[in-house]
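Proteins come first, then strands; the chains are lettered A, B, ... in the order of their sequence lines, and each starts at number 1. In what follows, every heavy atom counts, from backbone to side chain, and hydrogens, waters and symmetry copies are set aside.
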Protein chains: 2
Amino acid sequence: MKQSDRDRSVRLLWEPDAQTAREPKAALTRARVVDAAIKVADAEGVDALTMRRVAETLGFTTMSLYRHVPGKSELLDLMVDAVWGETEHAPAGPWREGLEFFARQMWSMYRAHPWMLQLTTSRRMPGPHAMTRQDAAYAAVSELGLRSEEIVAVVTTVAHFVDGVGRTMADRVRSERETGVSEEDWWNGREALWEHFTPDRLPMMTHIWNSGGFERPLDEFEFGLARVLDGLAVFIDAEDRPLVRRETCL
Amino acid sequence: MKQSDRDRSVRLLWEPDAQTAREPKAALTRARVVDAAIKVADAEGVDALTMRRVAETLGFTTMSLYRHVPGKSELLDLMVDAVWGETEHAPAGPWREGLEFFARQMWSMYRAHPWMLQLTTSRRMPGPHAMTRQDAAYAAVSELGLRSEEIVAVVTTVAHFVDGVGRTMADRVRSERETGVSEEDWWNGREALWEHFTPDRLPMMTHIWNSGGFERPLDEFEFGLARVLDGLAVFIDAEDRPLVRRETCL
DNA sequence: ACACCTGGTGTACGACGTAAACAGCGCATG
DNA sequence: CATGCGCTGTTTACGTCGTACACCAGGTGT
């Protein structure tokens with residue numbers, strides 16, 4: 001039941017494609033299905049990613065996909081790990097460069113495939129490519145004499161930041177595709193909304209608006225990444241580092 | 001068409017409930033619908049949040065909801081802003097305390113309603129409560145003599161971090177509900193997965209695992225928040241601050 | 001020769017969001 | 001009081017989704 005389902009997912013992701021043991025007599029392959037699904041998601045967003053749509057782009061019937069992929073959920077797992085597989089391995093070097101490389105890898109991955117952030121929101125199964133990249137990120141800070149919990153915490157802090165900034169970026173991309181209207185035009189067209197942005201209700205926002213703070217924003221990724229790495233540097237260079245363990249699971 | 005739809009959403013969110021102008025003759029109200037929807041999402045997750053399910057908990061038919069809410073998308077907008085309305089206003093004080101308060105508000109909001117992070121992933125319409133909290137966050141750093149772009153960048157950096165850590169937390173909560181199995185038990189039950197975690201494939205991960213780094217993790221939120229604020233302090237205390245503007249829209 | 005597996009097809013079902021037509025009620029107007 | 005209108009809730013129905021299931025064609029092992 002559940003157990004076997006999950007183990008099947010593990011096998012699907014981690015074990016090499018054994019289907020061609022006999023003969024490559026199949027016109028359709030798992031790789032082709034995953035590839036087509038990624039292309040659909042890239043072009044039309046994850047909401048348009050239906051089994052029918054994927055099959056259509058391949059020129060097969062919907063149900064033919066199920067001969068190569070157990071279900072949509074597992075197809076999503078495979079897509080996510082395939083995209084992680086596109087990223088490069090981090091080179092050896094000082095910790096800050098290594099973490100920065102890791103962050104930029106994630107960032108460019110999210111930019112190329114914004115739907116990733118919607119899929120990893122689900123209970124996804126970790127795949128080999130994702131784990132390999134994570135391992136490389138841990139390796140970047142392995143020479144600093146940190147406790148292993150600290151290594152994990154440092155890397156996840158960076159990952160969380162990139163996730164967060166990627167999420168807003170992905171939202172922007174999606175809105176633009178869905179409405180067919182650019183972010184800027186959209187906001188400019190919301191006169192009904194601006195009426196409510198009065199200085200007494202939202203003093204700081206109107207001030208920032210009037211002084212052009214929203215029109216010429218800083219690069220959110222570059223700015224934030226520099227700050228996060230600065231903050232980690234403060235931690236790493238400190239003599240004694242306080243430990244705050246997680247007390248709750250949630 | 002689109003324009004009028006969007007403006008209707010604005011009115012829905014920003015203008016006071018005018019429906020009781022005549023008489024409160026309706027058994028169902030918008031507030032009750034939104035409230036029931038939030039309860040369903042809290043208890044069963046946003047995937048279980050269907051119009052049929054909300055109507056059922058209220059003891060009405062599905063279509064009755066549409067007398068009070070234009071559609072599901074707008075209901076989600078209303079839910080998001082209602083939850084923002086539950087948070088407290090930031091008190092005045094030094095910048096670091098103010099930002100920390102803002103971050104902790106978001107964090108506890110996400111912990112109480114993990115589905116928020118799945119909903120804000122969509123092209124949501126900003127509501128008054130969300131904007132008020134954001135305004136207060138800007139106010140926290142308003143006395144530092146920063147340029148207004150910098151004010152925005154500082155606050156969004158914190159928000160992005162909390163979003164990122166909230167997202168992983170929300171995933172954990174969701175997995176546990178869906179599978180009925182705790183995070184720890186789930187991982188422990190994945191022998192099929194552990195087989196692939198060999199030192200030659202994932203040297204750092206196996207090392208961290210063996211030294212207990214995953215078993216006794218640090219508090220991701222506390223750790224990361226402290227680092228992010230440290231990094232912002234470095235920026236704020238610096239004499240000259242480089243400007244990196246956003247060059248692309250995406 | 002045969003049964004068997006493997007890969008692709010066609011049909012069908014239940015759940016979803018919601019459009020549209022309808023029914024009962026309270027009120028303002030004759 | 002009667003009448004008709006507008007608001008609230010109901011019923012039915014449609015199109016789309018994931019996918020279970022039965023079917024079929026052709027290559028393979030015995």
Pair [X] + [Y]: basic N to acidic O under 4.0 Å:
X	Y	value
Glu88(A)	Arg133(A)	no
Arg167(A)	Asp171(A)	no
Arg172(A)	Glu220(A)	yes
Asp47(B)	Arg174(B)	yes

Query raised in the report: Any chance the side chains of Glu86(A) and His129(A) put a donor and an acceptor closer than 3.5 Å?
Result: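 Checked: Glu86(A)/His129(A) side chains show no N/O donor-acceptor pair below 3.5 Å.
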Requested in this report: Let me know the distance between CG of Leu28(B) and P of dC7(D), rounded to the nearest Å.
Outcome: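 Interatomic distance, CG of Leu28(B) to P of dC7(D): 17 Å.
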Report task. Whole angstrom is fine here: how far is it from CZ in Arg30(A) over to C1' in dT6(C)? Result ->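 It works out to 15 Å between those atoms.
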Shorter than 3.5 Å, N or O on both sides, protein versus nucleotides 22-24 of chain D: list them out with atom names.
none

Query raised in the report: Between Trp107(A) and Phe161(A), is the gap from one ring center to the other below 6.0 Å?
Result: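 Distance test on ring centres: not under 6.0 Å, no.
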Query raised in the report: For the atom pair CD (Gln118(B)) and CD (Gln118(A)), what is the distance rounded to the nearest 0.5 Å?
Result: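 The distance works out to 10.5 Å.
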Report task. Any chance you could measure Trp14(B), atom CH2, to Leu193(A), atom CG, to the nearest 0.5 Å? Result ->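 These two atoms lie 6.0 Å from each other.
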Under 3.5 Å, which protein N or O atoms sit close to an N or O of nucleotides 16-19 of chain C? Give each pair with its distance.
| unit_1 | atom_1 | unit_2 | atom_2 | d |
| --- | --- | --- | --- | --- |
| dG17(C) | OP1 | Lys72(B) | NZ | 2.7 |
| dG17(C) | OP2 | Met51(B) | N | 3.1 |
| dG17(C) | N7 | Arg52(B) | NH1 | 2.7 |
| dG17(C) | O6 | Arg52(B) | NH2 | 3.3 |
| dT18(C) | OP2 | Tyr66(B) | OH | 2.8 |
| dT18(C) | OP2 | Lys72(B) | N | 3.0 |

**Report entry** Ser64(A) side-chain N/O to dG8(C) phosphate OP1/OP2 under 4.0 Å
**Finding:**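 Result: no.
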Query raised in the report: According to a strict under-4.0 Å criterion, is His68(B) in side-chain N/O contact with OP1 or OP2 of dC7(D)?
Result: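 Answer no for this pair, as no side-chain N or O of His68(B) is under 4.0 Å from OP1 or OP2.
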